[in-house]
Every structure is written in structure tokens, then in C-alpha cells.
Number of protein chains: 4
Amino acid sequence: MPDTTRAPRQDNRRIQLLDAAAALFAEHGFHAVSMRDIARNVGMLPGSMYYHFPSKNDLLLATYEEGVRQLSQRVDLALADEDEPWARLEAACKAHAEILLNESDYAQVILSVFPRDVAAISDNLKPLRDGYEDRFRILIEALPLAADVDRNSLRLMLLGALNWSKNWYNPRHGSPREIATDMLALLKRSLV
Amino acid sequence: MPDTTRAPRQDNRRIQLLDAAAALFAEHGFHAVSMRDIARNVGMLPGSMYYHFPSKNDLLLATYEEGVRQLSQRVDLALADEDEPWARLEAACKAHAEILLNESDYAQVILSVFPRDVAAISDNLKPLRDGYEDRFRILIEALPLAADVDRNSLRLMLLGALNWSKNWYNPRHGSPREIATDMLALLKRSLV
Amino acid sequence: MPDTTRAPRQDNRRIQLLDAAAALFAEHGFHAVSMRDIARNVGMLPGSMYYHFPSKNDLLLATYEEGVRQLSQRVDLALADEDEPWARLEAACKAHAEILLNESDYAQVILSVFPRDVAAISDNLKPLRDGYEDRFRILIEALPLAADVDRNSLRLMLLGALNWSKNWYNPRHGSPREIATDMLALLKRSLV
Amino acid sequence: MPDTTRAPRQDNRRIQLLDAAAALFAEHGFHAVSMRDIARNVGMLPGSMYYHFPSKNDLLLATYEEGVRQLSQRVDLALADEDEPWARLEAACKAHAEILLNESDYAQVILSVFPRDVAAISDNLKPLRDGYEDRFRILIEALPLAADVDRNSLRLMLLGALNWSKNWYNPRHGSPREIATDMLALLKRSLV
DNA sequence: TATGAATGAGTGTTCATTCAT
DNA sequence: GATGAATGAACACTCATTCAT
């Protein structure tokens with residue numbers, strides 16, 4: 001019998017709401033999902049949601065923040081065990097692919113709802129995205145590369161290819177980790 | 001400045017409509033654009049559009065078809081002058097990047113409105129996309145590569161990275177051609 | 001080989017249009033049928049109909065007129081051979097049932113589109129209906145009946161029952177003529 | 001003058017809505033009445049109706065159900081006091097005519113909006129109509145009639161004539177009860 | 001915290017009709 | 001006689017949001 005009195009229930013409806021919103025935004029996109037859709041998914045009336053979130057945009061912003069938190073934490077955790085620069089980059093890419101393709105609707109939202117789609121809050125969304133991606137800038141900076149390799153292109157290529165993978169990913173043809181490994185292998189062959 | 005006196009007027013409103021739809025779908029996404037938005041953009045009443053297109057979905061389908069036509073024609077033209085496998089792939093990537101980032105709203109639509117976003121016609125949309133991408137499968141097949149290189153991963157990586165570039169592309173930091181060249185260079189170093 | 005040069009073609013598109021309108025009005029009702037529906041049925045564009053009929057209401061009016069013409073002609077023909085009052089009434093009822101249930105969409109329109117449904121021309125429609133029904137008033141007047149029989153009720157009952165039959169008529173359970181005969185028999189038993 | 005202070009307010013707008021819909025459907029027919037018409041009649045915005053009824057079809061279905069309820073209840077009440085078969089039939093016919101012609105817009109809807117007019121819900125509508133009409137089948141079964149009288153024709157004639165009466169009924173020329181009495185009298189003379 | 005009930009603007013779409021060609 | 005193209009109003013319906021209870 002779980003002790004429901006001790007543990008502070010601290011807004012668990014808010015979390016259900018956020019989960020439902022993330023799942024629906026990730027699957028159908030921000031504009032194709034209505035507040036009613038989300039409410040129905042958590043067994044709540046539409047009006048009731050406004051106690052928890054003042055607007056649909058705020059709901060998106062909150063999923064974004066949670067998504068960045070999850071991505072960052074997951075990648076940071078993966079980095080904790082690695083020292084060698086290439087190993088560190090590979091660990092980050094694997095974590096990125098896994099959370100994106102497998103684990104978190106929140107992460108999907110960040111990569112499928114673009115700031116420009118929601119003009120009113122695009123200024124709030126962009127820094128969240130960028131803050132996360134900075135990790136990869138640093139990881140690539142640390143790589144021992146030939147002098148003429150453009151590290152900026154490398155980062156954009158690697159992250160772009162990984163992010164786009166959600167458009168073709170099919171669990172039957174390799175795990176997220178394998179996808180990350182394969183891509184990195186292609187680049188690593190010569191760049192070292 | 002279009003020459004309205006010389007050009008035969010036949011059905012030019014349909015094309016205006018298609019152009020406006022492509023531009024708006026590319027910029028804001030399918031669901032964020034209303035039929036009224038498109039109508040306003042061409043100076044037409046909302047109801048009048050239905051003479052030219054029976055539904056919003058059909059309008060999207062028509063932009064998709066035109067987009068694929070433009071992409072294919074542009075890439076095929078670029079390939080006509082090249083014989084060497086790597087040169088052919090590079091020409092195709094440059095054409096792809098240019099039309100995507102610079103030249104055509106129609107191409108953008110194909111890469112930013114995903115079939116799954118419009119369930120009712122996703123079965124019509126998918127083959128159009130796939131038909132175009134087959135070109136790259138063939139180009140990569142023709143490359144002289146070390147035996148252990150996974151050509152499938154290579155294709156997915158290259159196209160994914162290029163397609164994602166519309167999310168960060170800024171004309172001040174290099175032309176579309178340069179982006180394509182840079183990315184290909186990163187891969188080519190070792191794979192040959 | 002029919003001689004199409006001799007016979008004046010005299011507006012045969014107009015007749016096609018009228019036929020299609022009658023069929024559709026009879027089946028779905030006036031308000032549920034659009035001008036486009038009718039146009040499509042005769043392979044014409046909606047705008048083209050306005051050469052033949054200035055408005056949808058006029059089209060209805062024309063079907064009404066033709067319906068009354070057909071009903072009247074059919075009933076008058078049936079009466080031509082009969083002299084005895086009851087036989088005359090029975091002949092009229094049979095003709096009425098047959099044309100209503102079997103033969104003419106125009107007749108159906110008159111009995112399923114009510115003047116009040118189209119307020120703007122209800123004043124034009126009502127006299128058409130009434131003019132036809134007068135025949136039955138006269139036929140019933142001629143019957144040799146007991147003094148206390150209300151001929152007005154008789155007429156309303158008989159015609160009402162016949163008109164309503166289109167709501168339950170099923171060709172498998174008796175022909176229109178049988179329906180008319182059965183109903184008249186019920187009344188005739190005692191009234192003579 | 002409704003007592004708004006005493007009556008519990010619970011869901012009274014739904015009933016107002018249903019009343020207005022019944023009145024308008026009865027007068028103009030289903031297709032000729034718009035949701036805006038109904039909303040205007042109860043002083044509500046069109047969108048607000050959808051809180052109470054999910055669609056126009058559902059609104060019709062609800063009026064149908066209420067109409068059948070009212071008809072059935074009224075007829076059953078009238079039958080409660082009668083034992084003799086002819087008296088029972090006459091009581092039912094009087095009640096039927098009164099509620100149809102005088103008392104209830106809901107009953108009118110059932111007899112003027114035909115299931116086939118609203119294809120999408122015709123399967124829901126038909127059994128409601130039929131369920132009510134079964135009462136008359138039973139009443140006529142109980143009549144002591146000559147062996148050669150077709151009870152089926154009798155039922156169809158009687159109900160058809162009564163139902164059609166709404167097309168000519170004018171309160172100045174006799175009450176609904178008188179209409180029912182007169183019609184039954186015509187049939188009863190000989191059939192006994 | 002949540003509900004019932006509403007709002008006002010907006011959605012995609014259809015309507016009868018017009019008219020230059 | 002008919003078409004291509006449009007109009008403007010209306011259609012059924014959905015939207016994000018509000019607020020008294």
C-alpha cells in the first residue's frame with residue numbers, strides 16, 4: 001500500500017498533462033493538436049487545463065524545457081564515464097540518438113516543433129535548443145583533427161544527420177545506438 | 001516584372017495559388033496556414049480557390065508534385081554534365097542544397113511537411129518523396145568505396161545532414177553550394 | 001437513322017435539366033439538392049443552367065408545373081373510359097397511385113416538396129397543387145352516398161392515405177393499382 | 001411565464017435548444033434550418049450549441065427521441081381508460097391527431113423529417129418511428145372485423161390519412177379530435 | 001482543483017448566382 | 001448555348017480561452 005499521505009502529491013496532474021502534450025506534439029505537431037485533444041488524453045475537461053498552464057504556448061514552452069532537461073541530463077550522464085575525445089563524442093551521439101528515437105516524447109518535440117512555427121514564443125524556444133547543442137560544440141572542439149578540418153561543418157553534419165533520422169528511423173533496421181555508431185564511423189575513418 | 005500582355009493568361013491564377021501555397025506551407029507548415037491566408041496572398045476570395053483545387057489537401061498534394069518535379073529536373077540537369085561518380089554525387093548534392101535553400105518554396109514544402117502530418121493523403125505523398133530520393137541511392141551505389149563502407153548509412157547521413165540544413169542555414173555563412181561541398185569533403189577524405 | 005434535321009431540337013437540354021431536377025428533388029428534397037448536383041447529372045457546368053432557368057426556385061416551379069400536367073393528363077385519360085361514379089373514382093385513384101409511386105419523378109416532387117418549404121414561391125406552387133386536387137372533389141361530389149357522409153372528410157382521407165403511401169410503398173408488397181383498390185374497397189363497403 | 005427562481009437551472013439551455021430545433025425543423029424541414037437559425041432563436045452563439053449537442057444530426061436525433069417519447073406517452077395515456085377495441089382505436093387516433101396538429105413540434109418533426117432525408121442517421125431514426133407505429137398495429141389486430149378485411153391496408157390508410165392531415169389542417173375547420181373522429185367514422189360504418 | 005457553460009474568432013467548404021468570353 | 005472563373009454569403013463545426021460556481 002503506497003503511502004500517499006507522506007509523499008507530497010506535488011502537482012502530478014500537471015505532469016500528466018505535460019506528458020500527454022509532449023506525446024501528442026511529438027506525433028502530430030504543435031498546430032495539429034488541440035487543447036481538447038490533450039485534455040481528453042488525461043481525462044480532464046479543457047477548461048481545467050488552464051489552472052495548470054495559462055495557455056497552449058506555455059504548455060509547449062514547458063515541454064521544451066523538460067525536453068532540454070532530459071536531453072542534457074542523459075548526455076551528461078553518458079559523458080561522465082568517458083575521457084578520450086572520440087569516445088566522449090560517440091557516447092554523446094549514442095545518448096542523443098537513444099533519447100530522440102526511443103525514450104522521450106519531450107526530446108522529439110524539440111526536434112520536430114521548430115521555434116519559427118510558434119512565432120509568439122520563438123524567442124523563448126531558441127535559446128533552449130541552442131543551450132543543449134553547445135555541448136556538441138565543445139565535444140568537437142576537443143577532437144584531435146587535421147588542421148584543415150572544418151569543425152563547424154562537422155558538428156552541423158553530425159547533428160543534422162542524427163536529428164533527421166527520426167524521419168526514417170525504423171527499429172527493425174538497427175537500434176539508435178547502432179545508427180549513431182555507424183554515422184560516426186563514417187566520419188572518423190579519415191578525420192583522425 | 002511579369003509581362004502580362006504577352007503571356008497567355010490561361011490558368012495563371014492556378015499557378016499564383018500554387019506559388020502562394022508553397023511559400024506559406026514552406027514558411028509556417030501545413031497546419032499553421034489557412035485557406036484564407038493563401039487566398040489573401042493572391043487577392044482572391046476563399047471560396048474562389050475551390051474552383052482550382054477541390055480541397056486544402058489537394059493543394060498540398062499539388063505543391064508536393066510540383067516540388068518533386070522541380071527537384072528532380074534540377075538534379076537531373078546537374079548530372080547531365082558529369083561522368084565521374086564522386087563528381088556526380090557532388091553535383092547532385094549541390095543542386096539539392098541550392099534548390100532547397102535558395103530557389104524553391106516547393107522543394108522546402110517537401111522537406112518540411114511530412115506525410116504523417118496529413119494522414120488523409122500520406123499514401124499519396126510518400127511515393128513522391130521516395131521517388132526523388134532514389135536518385136541518391138543510385139549515385140551512391142556507383143561510388144568506388146572500400147568494401148566495409150555501409151552505403152545505406154552513407155546515403156542517410158548525407159541526405160539527412162543536407163535536409164536538416166534548412167533549420168540552421170544562414171546565407172551570410174556560406175552559399176548552399178559551399179555547404180554541400182563542405183559536407184561531402186568531410187566524408188570523401190577517407191572513404192575513397 | 002432518326003431524322004435529327006427535321007424535328008426541331010427545341011430546347012432538349014432544358015428537358016434533360018428538368019428531368020434531372022425532378023429526379024433529385026423527388027429523392028432528396030429541394031433543400032438537399034444543389035444546382036451543382038443537377039448540373040453534374042446532365043453533364044453541364046453550373047453556370048450554364050442559368051441560360052435555361054433564371055434561378056433554382058424557377059427550376060422547382062417548372063418541375064411543379066410539369067408534374068401537375070403529367071398527373072392531370074394521366075388521370076383525365078383514365079377517366080375517359082368510365083361512366084359510373086365509383087368506377088370513375090377508382091380509375092382516378094389507380095392512376096394517381098401509379099404515377100406517384102411508379103412512373104413520374106415530377107409527381108413525386110409535388111407530393112414531397114411542400115409549398116411552405118420554399119416560402120419565396122409558395123404562392124405560385126399552391127394553386128398548382130390545388131388545381132389538380134379539384135378533380136377529386138368533383139369525382140366525390142358525383143358519388144351516390146348516404147346523406148350523412150361527409151364528402152370533404154372522405155376526399156381528404158382518400159387522398160391523404162394515397163399520398164402518404166410513398167413513405168411506405170414497397171413494390172414487393174403489391175402494385176400501386178392494388179394499393180388504390182384496397183383502400184377504396186375499405187371505404188366503399190359501407191358508404192354506398 | 002416560466003418561474004426561473006424556483007426551477008433548478010440544471011441544463012435548461014439544452015431543453016431550450018431542443019425546443020427551438022423541434023419548432024424550426026417542424027416548420028421548415030431539417031435541411032432548410034441552419035444551426036445559426038436555432039442558435040439565434042435561443043439567444044446563443046452558434047458555437048455554444050456544440051457544448052450540448054455534438055452535431056446537427058445529433059440534435060435531430062434528440063428531437064426524434066423526444067418526439068417518440070411524447071407521442072407514445074400521450075397515446076398510452078389515452079388508452080388507459082378504454083377497454084372496447086373500437087373505442088381504444090378511436091382514443092389513440094384522437095391523441096395522435098391532437099399531439100401532431102396542436103401540441104407538439106416534436107411530433108411534427110417525426111412526421112415531416114423522413115429518415116431517408118438524413119442518410120447518415122437514417123438507421124437510428126427508422127426504429128424510433130416504427131416502434132411508435134407498432135401500437136396501431138396491435139390496436140387494429142384487436143378489432144372485431146369481417147374475415148375479408150385487410151388489417152394491414154386499414155392501418156396504413158388510417159395512419160397515412162392522419163399523418164397527411166398536417167398538410168391541410170386548419171384549426172378553423174374542425175379540431176384535431178374531430179378530424180380523427182370523422183375519419184374513423186367513415187371506416188367504421190361498414191367494417192364492424 | 002476542477003467543472004459546466006459559454007464566447008468570439010476562425011476552420012475548411014459549399015451555396016446560388018453572375019458575367020465576360 | 002456553354003464555359004471558365006469568380007463572388008459574397010452562408011454552411012457545419014472547432015479553436016483557444018474565460019469564468020462563475
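Owing to the predicted nature of the structure, the values given are computational and were not obtained by experimental measurement. Convention: sequence-line order gives letters A, B, ...; per-chain numbering from 1.
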Could you go through D:R129 and D:Y64, starting from their C-alpha distance and side-chain angles, then the distance that decides it, and tell me whether this counts as side-chain hydrogen bond (donor to acceptor under 3.5 Å, both in side chains)?
CA-CA 8 Å; D:R129 273 179 92 118; D:Y64 241 76; 3.3 Å; yes
Specify the separation, in whole Å, of atom [atom1] of [X] and atom [atom2] of [N].
| X | N | atom1 | atom2 | answer |
| --- | --- | --- | --- | --- |
| B:H28 | E:dT11 | NE2 | C1' | 17 Å |
| D:I15 | E:dA5 | CD1 | P | 11 Å |
| A:F53 | E:dT1 | CZ | P | 13 Å |
| D:R14 | E:dA6 | CZ | P | 13 Å |
| A:L59 | F:dC15 | CG | C1' | 15 Å |
| B:L45 | F:dG8 | CG | C1' | 7 Å |
| C:L60 | E:dC15 | CG | P | 17 Å |

Under the rule of Watson-Crick or G-U wobble with both distances under 3.5 Å, where | means paired to another strand and [ ] a crossing pair, DNA chain F maps to .||||||||||||||||||||
Is the phosphate of E:dA2 approached by A:Y51 (side-chain N or O, under 4.0 Å from OP1 or OP2)?
no
Does B:R13 make a side-chain N or O approach to OP1 or OP2 of F:dA5 shorter than 4.0 Å?
no
Nucleotide by nucleotide, nucleotides 16-21 of chain E touches protein heavy atoms under 4.0 Å in the pattern (B base, S sugar-phosphate only, - none) BBB---
Would you indicate whether the side-chain heavy atoms of [Y] and [X] approach each other to under 4.5 Å?
| X | Y | value |
| --- | --- | --- |
| A:H52 | A:L18 | no |
| C:I38 | C:F25 | yes |
| A:M35 | A:L59 | yes |

Does B:H52 or C:G43 map to a spot on DNA chain F nearer the 5' end, using the closest nucleotide for each?
C:G43
Tell me which of B:M49 and C:M44 sits closer to the 5' end of DNA chain F, going by the nucleotide each one is nearest to.
C:M44
A:D117 vs A:F30, test: side-chain contact (heavy atoms from CB on, under 4.5 Å). Steps then yes/no.
CA-CA 8 Å; A:D117 294 343; A:F30 180 72; 5.8 Å; no
Should B:S104 and B:Q70 be marked as a side-chain contact (heavy atoms from CB on, under 4.5 Å) after you check the CA-CA gap, both sets of side-chain angles, and the distance that decides it?
CA-CA 8 Å; B:S104 168; B:Q70 289 186 11; 2.6 Å; yes
Would you sort out whether C:D19 and C:Y106 count as a side-chain hydrogen bond (donor to acceptor under 3.5 Å, both in side chains), showing the intermediate values?
CA-CA 8 Å; C:D19 281 348; C:Y106 292 90; 2.5 Å; yes
Would you say the side-chain atoms of B:K126 pair up with the backbone N or O of B:R116, donor to acceptor, closer than 3.5 Å?
no
Partners of C:S48 by side-chain hydrogen bond (donor to acceptor under 3.5 Å, both in side chains), sequence neighbours excluded?
none
